[in-house]
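Down below is the structure, laid out as structure tokens.
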Amino acid sequence: MKIRYELLDKSKRKSPPSKVEGFGQTRTNHMFMVDFENGEWKDPRIIPYNKFPMSPGAVSLHYGQNIFEGAKAFKHSNGEIYVWRWEENAKRLNHSAYVTMMAQIPVELQTEGLLRLLDVERDWCPEEPESSMYIRPFMFGTEDTLGVKASSTYTYCIMLSPSGAYYKGGFNNAVTLLITEKYHRAVSGGTGTAKTGGNYSASLLPAAHAYSKGCAQVLYLDATNQYVEEAGTMNHYHVMDDGTFIIPEFNDSILRSTTSSAVLELAAMGKVKARQEVVEVKKFLSDIKSGKIIEAGGFGTAAVVSPVGKYMFDDGSTITVGDGGVGKHSRALYELYMGMQVGSTPAPEGWLTKVERYEQK
Ligand SMILES: *Cc1c(COP(=O)(O)O)cnc(C)c1O
């Protein structure tokens, strides 16, 4: 499909900051947008980043028909920009669309839109170590109707946010997670496998509860409080004393992290030791106490690896994993993964997609 360019006059464009700081704060000049109407995707275009015209009755505003993704691109030392495992995100967006009764959007259209947008905004891709161009694709129902039903029209959009290194002072901090029986993220038969806004609005109150106890996040259990599920914006992992990463078996209340999937693919290639298991809370805690579990943490695109040093319970008591700091296996995996993303370590075939230089007409 031919993409229309409606670019800002060069004199009206903001210049990229000399150094990007923080995560998700900065915006570039343009975004990609395409609309779904009468069963078809129409008018894919790159336009100035601006407010949306939106009907007050749009389904997404009332009944939460909205989904999103998060991916990253990196500038390598050869000056070219590479997108990390993008197809995984494009396919997962369609899974989220399926769960929320939204239109499917061809992966090729998502990819074409992204690569052309990244090409237009190439000067905005940061170069400092561990910084990235964060990519935020999203889709929402636009039909003006107050009856509860799936929208017949949608908008898909990609915005970009140049982001600084997630770990500003280096990869040295291990956080505390709250293990609570009070809140649950998702249930079997629910929407837990979709990256949909509703799952996130539902996570804000539990997160505030966790912060009030000095914890970084909730480690969600399944609805029966027997099994470890995930951390709300990250999948969970623990490391056994032989160095094997264990990720809870995916089920229909755990979101399939593309980072977890990449780690499992690296394991299949013999580059790390990792596998999935159903993780029983009781066994998990007794293995931490006995020292069989030596490290733990979370996997997700934003932080890649986020080490956990402690868990807190509803009564305020805590349990420490290993020495409570960042363990060597978590660090080694972080360094391997980041190295592949930024091009200092070879990545498996097909994991990086180069952004071409297109003619902008
Ligand atoms: C996005 C997300 C993750 C992490 O997935 P990645 O693809 O690794 O970024 C984990 N859990 C939930 C609930 C998420 O929404």
Side-chain angles (χ1 to χ4, degrees), residues 23-24 64 66-74 83-100 107 110 114 132-139 158 161 163 166 175 177 183-188 190-207 210 216-223 227-238 245 247-267 272 274 276 279 296-308 330 333-334 336-338 340-341 351:
F23 177 79
N66 65 68
I67 55 178
F68 66 96
E69 270 302 323
K72 280 179 174 175
F74 300 86
V83 191
W84 178 253
R85 288 169 62 83
W86 163 253
E87 242 185 64
E88 299 296 312
N89 295 98
K91 286 194 239 161
R92 188 173 62 188
L93 182 112
N94 277 328
H95 170 76
S96 299
Y98 166 77
V99 172
T100 53
V107 167
Q110 297 187 57
L114 174 69
S132 64
M133 180 70 103
Y134 182 73
I135 301 162
R136 170 52 62 89
F138 57 107
M139 195 206 291
I158 303 175
S161 181
S163 292
Y166 195 89
V175 300
L177 293 183
Y183 294 105
H184 295 90
R185 191 189 83 90
V187 293
S188 174
T191 58
T193 61
K195 252 181 137 62
T196 180
N199 289 342
Y200 277 76
S201 51
S203 77
L204 297 176
L205 184 62
Q217 252 301 343
V218 173
L219 173 60
Y220 288 102
L221 308 180
D222 79 307
Y227 303 102
V228 171
E229 295 225 304
E230 63 164 314
T233 57
M234 292 206 165
N235 276 179
H236 188 257
Y237 71 83
H238 61 263
F245 285 78
I247 300 166
E249 191 79 49
F250 292 145
N251 58 31
D252 75 346
S253 48
I254 295 178
L255 188 120
R256 289 172 187 241
S257 152
T258 56
T259 314
S260 295
S261 305
V263 170
L264 293 165
E265 283 183 45
L266 290 173
V272 292
Q276 291 191 289
V279 180
F299 289 139
T301 297
V304 180
V305 177
S306 178
V308 174
S330 299
L333 180 59
Y334 176 74
L336 172 71
Y337 202 96
M338 185 61 74
M340 288 177 171
Q341 290 187 315
W351 284 27

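The structure presented is a predicted model; accordingly, all values stated were derived computationally and were not measured. Just so you know, ligand 1 is whichever comes first in the structure, and atom 1 is the first atom listed for that ligand.
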Original post:
Would you say R92 touches ligand 1, if touching means a heavy atom closer than 4.0 Å?
Top reply: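 Judged by the 4.0 Å heavy-atom criterion, R92 does count as contacting ligand 1.
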Heavy-atom nearest neighbour in the protein, as seen from [atom], with distance rounded to 0.1 Å:
{"atom": "atom 15 (O) of ligand 1", "answer": "Y200 OH, 2.3 Å"}
{"atom": "atom 11 (N) of ligand 1", "answer": "E230 OE1, 2.5 Å"}
{"atom": "atom 13 (C) of ligand 1", "answer": "G232 O, 3.1 Å"}
{"atom": "atom 1 (C) of ligand 1", "answer": "K195 NZ, 1.4 Å"}
{"atom": "atom 9 (O) of ligand 1", "answer": "T301 OG1, 2.6 Å"}
{"atom": "atom 4 (C) of ligand 1", "answer": "T233 O, 3.6 Å"}

When you measure from the side chain of [X] to the backbone of [Y], do you find a donor-acceptor pair of N or O atoms at a distance under 3.5 Å?
{"X": "T191", "Y": "A194", "result": "no"}
{"X": "K195", "Y": "S96", "result": "no"}
{"X": "E88", "Y": "T258", "result": "no"}

Which heavy atom in [X] sits nearest to a heavy atom in [Y], and how many Å separate them?
{"X": "Y220", "Y": "R185", "result": "CD2-N, 3.3 Å"}
{"X": "G192", "Y": "N199", "result": "CA-ND2, 4.1 Å"}
{"X": "E229", "Y": "L221", "result": "CG-C, 3.7 Å"}

Subject >> Validation row: V304, Q341 side chains within 4.5 angstrom (heavy atoms) >> reply: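 With C-beta onward as the side chain, the pair touches.
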Below 4.0 Å, non-hydrogen atoms only: which portion of [X] touches ligand 1? Side chain, backbone, both or neither.
{"X": "R185", "value": "side chain"}
{"X": "L255", "value": "side chain"}
{"X": "N89", "value": "neither"}
{"X": "E88", "value": "neither"}

Subject >> For F299, all residues meeting ring-ring contact (aromatic ring centres under 6.0 Å, His included), sequence neighbours excluded >> reply: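 F299: ring-ring contact (aromatic ring centres under 6.0 Å, His included) contacts with Y237.
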Subject >> ring-ring contact (aromatic ring centres under 6.0 Å, His included) partners for Y183, two or more places apart >> reply: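 So Y183 forms a ring-ring contact (aromatic ring centres under 6.0 Å, His included) with H209.
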**OP:** Considering the heavy atoms of G300, write down every atom of ligand 1 situated less than 4.0 Å from one of them.
**Re:**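 Under 4.0 Å from G300, ligand 1 has these atoms: 4 (C), 8 (O), 9 (O).
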Subject >> Per-atom contacts of ligand 1 with N235, taking only distances under 4.0 Å to non-hydrogen atoms >> reply: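 Ligand 1 atoms under the 4.0 Å threshold to N235: 10 (C).
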Original post:
Is S260 in polar range of ligand 1, meaning some N or O pair under 3.5 Å apart?
Top reply: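 N/O-N/O distance below 3.5 Å does not exist for this pair.
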Subject >> Test of proximity, T258 against ligand 1: N or O pairs below 3.5 Å >> reply: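 By distance alone, the answer is yes.
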Original post:
Does a donor on one side chain and an acceptor on the other come within less than 3.5 Å for S188 and N251?
Top reply: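 Side-chain D/A pair, S188 to N251: absent.
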